[in-house]
Amino acid sequence: MTEPDRDWWRSAVVFQVWPRSFCDSDGDGIGDINGITARLEHLERLGVDVLWLSPIYRSPHRDFGYDISDYQALDPLFGTLDDFDRLVGALHDRGMKLVMDLVVNHTSDQHSWFLESRSSVTNPKRDWYWWRPARPGVEPGTPGAEPTNWRGFFSQPTWTLDPTTGEYYLHLFTPEQPDLNWDYPEVRAAIYEMMRWWLDRGVDGFRMDVINLISKAPELADGPPIAGTVLGDGWDGYANGPRLHDYLQEMHREVFADRPGTWMTVGEMPGVTVDLAREVTDPARRELDMVFHFEHMSVDRGVDRFDVRPFDLRSLKDVFGRWQAGLADAGWNSLYWSNHDQPRAVSRFGDDGRYWRESATALAVALHLLRGTPYVYQGEELGMTNHHITSLDDVRDVESLNYYAASVAAGRAPSEVLAAIDEAGRDNARTPMQWDASEHAGFTCGTPWMPVNPNHVWLNATNQYEDPSSVFSIYRALIELRHRCPTVVHGTCEMLLPDHPHIYAYTRRLETQELLVVANFSATEQALPFDTSWALRPIVLGNYCGVSESNSGERLATLRSWEARVYER
Ligand code: TEU
């Protein structure tokens, strides 16, 4: 019996499903597990290896599932454990794996652990969370009485006064998402037991939510003031804390070490640096297989995620260049343009108008042949675009709603704030999946919890499956290339033309094979400053010519609008 390939995920491609908006099987207008099972053929057609499932656990849905009230029960909205077991079976029958979302920096405030913890200062679960008295000398409940001045991820103070005991509890996200105190051993033991329970049920790994926030600096010191607010930046107090590596290594020992082979872990780590990622993903350290960083998600952002700035390809190439080089000989990269927290990539980095197909596929080619594990977010493989809001009534996401309230309270014009939310808000990623041109895009036969993007009449899966030049077909070809070409998986990567404002290019090399990947990130035809030795080499894949067209040489000289090509020699 051959030893299972512990590094299988290096050649895998992951497909992320945000269950609420993928496919509704029971007509209540909300996606569910049976809807996912019914659509597995879509994943099979695409050729992906892993399904990453955003949270389906019992939840009050204050943050759409990232506020969990019971880790070992499914939310009835999404289905039953039997439905879940059927999904796991169906995936494994197709040779695919399932990665669950692990949200253990915080729970829901409706979780029994927190209900016990808040019940009294002497409750055995009191220290499962972070409780502190009001700031000395300040009346509890008055502004500034919070134990630290930290601003949370969703524009709020990170402490809420609990009337039951008159103390404050910490929450880096909404008040309905109290942070767990990982320094308390019973907390970690309970989490590891829960993870083993899911692995025993056939789960193949975990995507770990904000995992670099689990270790806080125990002194809980105030942060430097944030301009225009009464709050401070507590980053140094709650991120990449002193025990992070200890806890990741302990988790590895307690949950994975005695489990042969076939699981994978990826940690979401806002603000992680290349150096920290090298440590965390170094196999010798037995922490995580890979991490999600956000540096490329802020190349077009200013003070915060709603402060949209012009996008410069050179800064994007700088980010990818540093991460490719930084993890070349140790650790491993994750590769993504999209997820459920980011606006649609083609609308953000591409052109979702005249050059929609060309730019959506150029983005795919530019990303998917880099060294690392690619992640495709539901709808990205179809080139789904941002939707547009006209009023606050169209907004569903708590992060955007809080941002609106805080910004308007600070005197900004509501229309200006709405425009920022329209462009950068997370709801852009959360419109229902566009399966066909029918009324609700084949997502539901009921009323969708959120309107379907009207462009579904032409932008949908059914329209793309048989079209060799479609966004879907290019994604499928890229995934197929990764599966059959070791150079794409294991080859070295050298970024080229770092200062070119419009061309994104790099080479991949392994033994005697070399691939040249070039993409024009503009609507203007671009000359290609490459030596002619590439001129007559075969094109392995192109978004203007589809797959492996003989190369008539002269074309190497230029790239058409948003054209991308892959050469081999
Ligand atoms: O996201 C955490 C997180 O870092 C994002 O809010 C991120 O800062 C932002 O999108 C960057 O632009 C995770 C989940 O992915 C998100 O859906 C949850 O809301 C959050 O944690 C709390 O669980």
Side-chain angles (χ1 to χ4, degrees), residues 14 16-21 52-57 59-69 71 99-111 114 150-156 158 170-180 182 191 206-214 233-235 238-240 266-273 277 291-309 319 334 336-345 348-349 375 377-378 386 395-403 420-421 423-430:
V14 182
Q16 180 194 0
V17 163
W18 195 72
R20 204 181 178 89
S21 290
W52 155 25
L53 192 46
S54 277
I56 54 172
Y57 315 96
S59 167
H61 295 285
R62 180 76 179 103
D63 186 17
F64 292 131
Y66 282 90
D67 50 320
I68 298 169
S69 54
Y71 287 111
V99 163
M100 292 282 272
D101 219 305
L102 182 78
V103 186
V104 289
N105 170 71
H106 46 268
T107 67
S108 161
D109 64 348
Q110 298 309 304
H111 194 295
F114 187 70
W150 300 348
R151 181 175 73 177
F153 279 74
F154 297 158
S155 314
Q156 295 163 305
T158 57
L170 175 67
H171 51 86
L172 295 178
F173 296 89
T174 68
E176 294 80 11
Q177 292 165 296
D179 279 50
L180 282 164
W182 272 68
I191 289 169
F206 295 97
R207 174 266 185 192
M208 304 184 187
D209 194 59
V210 285
I211 204 70
N212 63 325
L213 307 184
I214 60 177
D233 177 358
W235 189 256
Y238 60 67
N240 310 325
V266 54
E268 182 203 31
M269 290 196 168
V272 67
T273 60
V291 300
F292 292 130
H293 73 84
F294 287 83
E295 288 192 27
H296 58 318
M297 291 292 120
S298 39
V299 293
D300 57 347
R301 296 289 185 265
V303 292
D304 61 43
R305 60 167 307 147
F306 295 101
D307 177 12
V308 179
R309 301 287 173 83
V319 170
S334 66
Y336 72 95
W337 284 130
S338 313
N339 61 35
H340 60 293
D341 289 334
Q342 304 295 334
R344 291 287 181 180
R348 181 181 187 179
F349 298 121
Y375 289 73
Y377 176 64
Q378 67 184 48
N386 282 356
V395 178
R396 302 284 186 281
D397 171 32
V398 61
E399 182 181 41
S400 295
L401 292 167
N402 285 7
Y403 181 77
I421 291 171
E423 186 163 7
R426 304 192 297 180
D427 284 334
N428 283 304
R430 299 172 178 193

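Index from 1, following the sequence. Both counts, for ligands and for their atoms, begin at 1 and track the order of listing.
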Here the atoms of ligand 1 under 4.0 Å from any heavy atom belonging to Pro270 are 4 (O)
Which of Val104, Val103, Asp101, Thr107 passes side chain to side chain contact (heavy atoms under 4.5 Å, CB included) with Ile68? Answer is Val103
Counting from 1 in the order shown, the ligand 1 atoms closer than 4.0 Å to a non-hydrogen atom of Phe154 are 19 (O)
Ligand 1 atoms nearer than 4.0 angstrom to some heavy atom of His106 are 22 (C), 23 (O)
Looking only at protein heavy atoms, what sits closest to atom 13 (C) of ligand 1 is Asp209 OD1, 2.8 Å
> Quick one: does Phe64 get within less than 4.0 Å of ligand 1, heavy atoms only?
Replying inline: no
- Heavy-atom contact under 4.0 Å between Arg305 and ligand 1? yes
Under 4.0 Å from one or more heavy atoms of Gln342, ligand 1 contributes atoms 10 (O), 11 (C), 12 (O)
### Message
Check this for me, if you would: do Asp233 and Arg151 make a salt bridge, where the nitrogen-to-carboxylate-oxygen distance has to be below 4.0 angstrom?
### Response
no
Notebook entry, point to check: Mind checking whether His340 and Tyr66 have ring centres under 6.0 Å apart?
Noted result: yes
For Glu423, I'd like to know if atom CD has over 12 heavy atoms of other residues, nucleotides or ligands within 6.0 Å. no
Handout entry: Side-chain heavy atoms of Trp337 within contact of Tyr375, under 4.5 Å
Key = no
For atom 6 (O) of ligand 1, the closest protein heavy atom turns out to be Arg426 NH1, 4.1 Å
shortest atom 17 (O) of ligand 1-to-protein heavy-atom contact is with Asp341 OD1, 2.7 Å
Quick one: are Leu102 and Asp209 in side-chain contact, heavy atoms under 4.5 Å?
no
A student checking ligand 1 against His340 at a 4.0 Å heavy-atom cut-off should list atoms 14 (C), 15 (O), 16 (C), 17 (O)
* Asked: Contact between Arg207 and ligand 1, counting heavy atoms under 4.0 Å?
  -> yes
Under 3.5 Å, side chain of Arg348 to main-chain N/O of Met297, donor-acceptor pair present?
yes
Across all chains, not counting sequence neighbours, the salt bridge (charged side-chain N to carboxylate O under 4.0 Å, His left out) partners of Asp307 are Arg309
Test ring pair (Phe, Tyr, Trp, His ring centres under 6.0 Å), reference Phe154, set Tyr403, Phe306, Phe173, output is Phe173
the protein heavy atom lying closest to atom 1 (O) of ligand 1 turns out to be Glu268 OE2, 3.0 Å
The side-chain contact (heavy atoms from CB on, under 4.5 Å) partners of Ser298 (sequence neighbours excluded) come to Arg301
Residue, atom and distance of the protein heavy atom nearest atom 7 (C) of ligand 1 read Phe294 CE2, 4.2 Å
The protein heavy atom nearest to atom 20 (C) of ligand 1 is Phe173 CE2, 3.7 Å
Atom 19 (O) of ligand 1 has as its nearest protein heavy atom Asp63 OD2, 2.5 Å
